[in-house]
Amino acid sequence: MACARTASLLGDHFKENQARSALDGEVLTLRASSGPLAGLVIQAEWRNQRLNLRLCAPNAAMTSRLERERRQLQVLLCTDLAVQVFIEVHHAR
């Protein structure tokens, strides 16, 4: 019985790692089309057990605001998601 349980756990672990590997390096791009964040482009990438977020603001004012809040947002996401999160802020030109 213990062997079957171990095999099941190993199989689950393998499936989870296989799913993570399939996502590793893939980029999801989202663009806010309305509201106060209209024009903001967010690129999310899972790489090496870390969530990388690239925020590309459409104007200087939003870029400044995001840069001011970047560190706090990074800490909150790390805590809430229980993964390492890195955020970059860029200004679209």
Side-chain angles (χ1 to χ4, degrees):
M1 199 60 136
C3 289
R5 176 79 177 133
T6 301
S8 175
L9 289 174
L10 288 173
D12 291 345
H13 180 71
F14 177 75
K15 288 176 193 170
E16 183 178 324
N17 282 340
Q18 196 172 30
R20 284 185 183 161
S21 294
L23 293 175
D24 200 39
E26 295 291 324
V27 177
L28 172 66
T29 300
L30 304 168
R31 184 177 185 276
S33 60
S34 62
L37 298 177
L40 175 67
V41 175
I42 302 169
Q43 291 184 316
E45 176 185 31
W46 179 257
R47 182 177 296 277
N48 299 326
Q49 303 295 315
R50 180 173 89 174
L51 176 62
N52 297 305
L53 297 174
R54 284 183 288 285
L55 309 178
C56 190
N59 56 56
M62 188 184 298
T63 301
S64 294
R65 192 170 111 215
L66 289 170
E67 193 56 53
R68 280 193 312 273
E69 301 295 331
R70 183 187 63 80
R71 186 74 177 132
Q72 183 179 358
L73 179 59
Q74 194 168 290
V75 169
L76 290 171
L77 287 171
C78 284
T79 302
D80 288 350
L81 299 175
V83 297
Q84 188 178 13
V85 177
F86 178 75
I87 299 175
E88 299 175 46
V89 176
H90 300 278
H91 180 233
R93 290 178 171 72

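Side-chain atoms are counted along with the backbone in the values below, which use heavy atoms only and exclude waters and symmetry mates.
When the side chains of ILVMFWY residues are joined at heavy-atom separations under 4.5 Å, either directly or via intervening members, L51 and V89 end up in a single hydrophobic cluster.
Here R54 pairs with E45 under the salt bridge (charged side-chain N to carboxylate O under 4.0 Å, His left out) rule; sequence neighbours left out. Taking the side-chain contact (heavy atoms from CB on, under 4.5 Å) definition, one finds that S64 meets it with R68, sequence neighbours left out.
Note that the CZ atom of R31 and the CG atom of L40 stand 9.5 Å from one another [nearest 0.5 Å]. Expressed to the nearest 0.5 Å, how far CG of L66 lies from CD1 of I42 amounts to 8.5 Å.
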Identify every side-chain donor-acceptor pair in residues 55-63 under 3.5 Å, counting partners at least two apart or on other chains, and give the distances.
from, atom 1, to, atom 2, distance (Å)
N59, OD1, A61, N, 3.3
N59, OD1, M62, N, 2.7
T63, OG1, N59, O, 2.9

Could you pull out all donor-acceptor pairs under 3.5 Å where a side-chain atom in residues 71-86 meets a protein atom, sequence neighbours excluded?
from, atom 1, to, atom 2, distance (Å)
Q74, OE1, R70, NH1, 3.3
Q74, OE1, I87, N, 3.0
T79, OG1, V75, O, 3.0

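Residues L53 and Q43 form no side-chain contact, since every pair of their non-hydrogen atoms from C-beta on lies 4.5 Å or further apart. By the 4.5 Å heavy-atom criterion applied to side chains, E26 and L28 are not counted as neighbours. Residues E67 and R65 fail the side-chain proximity criterion, which asks for heavy atoms closer than 4.5 Å.
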